[in-house]
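The chains referred to below are lettered A, B, ... by the order of the sequence lines, with proteins before strands, and numbering in each begins at 1.
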2 protein chains.
Amino acid sequence: MAERAQYEELVRQFSAFGAVKRELGRIMPAECPGGSAAVLTLLGRHGDMRMSKLAELLAVDMSVTSRHVAHVVARGWIERSPDPADKRSRILRLTPAGHAQLDELSRRTTEVLAERLSDWTDEEVGQLTDLMARLRESFDCRPAARAAAPPAFERTTRTPAST
Amino acid sequence: MAERAQYEELVRQFSAFGAVKRELGRIMPAECPGGSAAVLTLLGRHGDMRMSKLAELLAVDMSVTSRHVAHVVARGWIERSPDPADKRSRILRLTPAGHAQLDELSRRTTEVLAERLSDWTDEEVGQLTDLMARLRESFDCRPAARAAAPPAFERTTRTPAST
DNA sequence: TATTGTTATACTCTATAACTATA
DNA sequence: TATAGTTATAGAGTATAACAATA
């Protein structure tokens with residue numbers, strides 16, 4: 001249990017973190033803003049999935065997910081096939097062009113990070129990664145998709161039905 | 001020097017971090033969005049300053065700073081006085097109402113963090129804070145405002161003059 | 001009646017460019 | 001001519017609400 005001053009300092013770092021993300025965003029391909037990059041990354045990492053699953057992984061509302069996906073589909077990086085098991089759903093899958101784009105994203109971010117973090121040790125990079133992952137879990141933004149033990153209460157990834 | 005997979009994982013955490021910030025933002029007072037909170041926090045921490053200085057600390061363009069400041073001034077939380085030394089400049093200062101608002105912000109964020117991070121040790125909170133601060137420095141989003149050694153080249157906090 | 005996904009609308013944050021008033 | 005700050009405009013991200021199609 002930390003003290004108030006410590007929390008305030010942490011919040012200050014949260015607030016200022018946007019600058020890092022923007023800096024990283026500047027080197028991304030023009031047609032591929034952050035939202036699209038996140039979609040490609042998660043599909044590459046977790047394989048084909050439905051919209052609802054992607055929304056959960058992105059930790060944003062499904063309406064937002066729908067927009068990002070539409071943008072990515074329009075550029076031919078993923079395809080939406082109907083789900084034979086449930087005609088309301090659509091399965092998302094990376095196309096070859098999507099894989100290529102994903103490689104390019106990875107190449108660029110790796111290049112930038114290798115340069116900017118050249119004086120960081122492996123262990124420090126790992127520490128930051130772990131702490132940020134744990135932070136997300138502590139905030140319960142997403143149940144961390146742990147295989148076992150489904151969450152006691154459903155996390156909402158969409159606007160609740162109003163009726 | 002880390003490896004590609006490590007960097008990719010780190011970038012994934014960067015991308016997902018937005019969810020934490022949004023979660024924290026939800027408990028803020030309605031009239032005080034993130035931009036306003038940042039302005040108040042920096043003024044409280046560093047004391048009275050000019051627009052350009054604030055823009056540097058926020059690590060955003062001065063046009064953005066101007067908007068945030070206007071919002072905060074409109075709510076009576078800070079005042080803009082002319083700078084006697086340079087009539088182009090304006091000095092920003094927290095009003096009593098601004099101090100009160102700042103206290104409220106601090107109270108709320110501390111409360112939320114104390115709850116969410118209840119199983120974090122002091123040391124872990126400090127580690128995350130330090131690593132995020134170092135990350136910012138490594139990205140050179142801002143020269144970290146270290147007293148000595150002014151940066152060799154001026155960091156731009158505004159749109160360059162087009163002429 | 002409930003769920004999956006889409007679209008319309010609105011709000012926040014940001015950057016670029018043009019403009020003003022001073023230096 | 002250069003700098004401090006403002007404003008207008010545009011783009012990205014997000015949430016809420018209403019809607020269509022299917023369970």
**Message:** Would the distance check show the side chain of B:Ser89 and the main-chain N or O of B:Ala85 forming a donor-acceptor pair, the cut-off being under 3.5 Å?
**Reply:** no

In terms of side-chain geometry, is the basic nitrogen of [X] or [Y] positioned less than 4.0 Å from the acidic oxygen of its partner?
X        : Y        : value
A:Arg4   : A:Glu8   : yes
B:Glu9   : A:Arg45  : yes
B:Glu137 : B:Arg134 : no

Would you kindly give the [atom1]-to-[atom2] distance between [X] and [N], to the nearest whole Å?
X       : N      : atom1 : atom2 : result
A:Lys21 : C:dA15 : NZ    : C1'   : 17 Å
B:Leu58 : C:dT12 : CG    : P     : 17 Å
A:Asp61 : C:dT6  : CG    : C1'   : 11 Å
B:Met62 : C:dA18 : CE    : C1'   : 14 Å
A:Lys53 : C:dT3  : NZ    : P     : 18 Å
A:Met49 : C:dT4  : CE    : P     : 16 Å
B:His71 : C:dC11 : NE2   : C1'   : 11 Å
A:Asp83 : C:dT4  : CG    : P     : 11 Å

**Item:** side-chain N/O B:Ser52 vs D:dG5 OP1/OP2, d < 4.0 Å
**Value:**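 It does, given that an N or O in the side chain of B:Ser52 lies less than 4.0 Å from OP1 or OP2 of D:dG5.
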
**Request:** For B:Trp120 and A:Ser138, test the side chains for any donor-to-acceptor distance below 3.5 angstrom and give the result as yes or no.
**Result:** yes

**Asked** NA contact type, B:Ser89, heavy-atom cut-off 4.0 Å: base, sugar-phosphate, or nothing?
**Response**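 Touches sugar-phosphate only.
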
**Asked** With a non-hydrogen cut-off below 4.0 angstrom, is B:Arg67 in contact with a base, only sugar-phosphate, or nothing?
**Response** base

**Request:** Let me know, please, whether A:Met51 or A:Arg26 comes out on the 5' side of the other along DNA chain C by nearest nucleotide.
**Result:** A:Met51

**Prompt:** Taking the nucleotide of DNA chain C with the closest heavy atom to each, which residue, A:Arg80 or A:Arg22, is nearer the 5' end?
**Reply:** A:Arg80

**A:Leu57 with A:Ile91, same ILVMFWY side-chain cluster at under 4.5 Å** =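 No, it is not one cluster - the side chains of A:Leu57 and A:Ile91 are not joined through contacts under 4.5 Å.
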
**Complete:** Of B:Arg90 and A:Val64, the one whose nearest nucleotide on DNA chain D sits closer to the 5' end is B:Arg90

**Prompt:** Got a sec, which residues hit ring-ring contact (aromatic ring centres under 6.0 Å, His included) with A:Phe14, two or more places apart in sequence or on another chain?
**Reply:** B:Phe17

**Prompt:** Is the closest side-chain heavy-atom distance between A:Phe139 and B:Leu24 below 4.5 Å?
**Reply:**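 Yes; the side chains approach each other to less than 4.5 Å.
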
**Request:** Could you tell me whether the side chain of B:Met49 reaches within less than 4.5 Å of the side chain of B:Arg93, counting heavy atoms only?
**Result:** no

**Item:** Among D:dT14, D:dG13, C:dT4, the nucleotide that comes nearest once only the side chain of A:Pro33 is considered
**Value:** D:dG13

Look for any protein N or O under 3.5 Å of an N or O in nucleotides 21-23 of chain C and output each such pair with its distance, or none.
| from | atom 1 | to | atom 2 | distance (Å) |
| --- | --- | --- | --- | --- |
| C:dA23 | OP1 | B:Lys87 | N | 2.8 |

**Message:** Pair A:Arg136, B:Gln13 - check side-chain hydrogen bond (donor to acceptor under 3.5 Å, both in side chains), show working.
**Reply:** CA-CA 9 Å; A:Arg136 277 205 296 156; B:Gln13 295 306 326; 3.2 Å; yes

**Message:** What I want to check is whether an N or O donor and acceptor connect the side chain of B:Ser63 with the base of C:dT14 at under 3.5 Å.
**Reply:** no

**Item:** Strand contacts (DNA chain C) in residues 34-43 of chain B, 4.0 angstrom heavy-atom criterion
**Value:**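 Under 4.0 Å from DNA chain C: B:Gly34, B:Gly35.
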
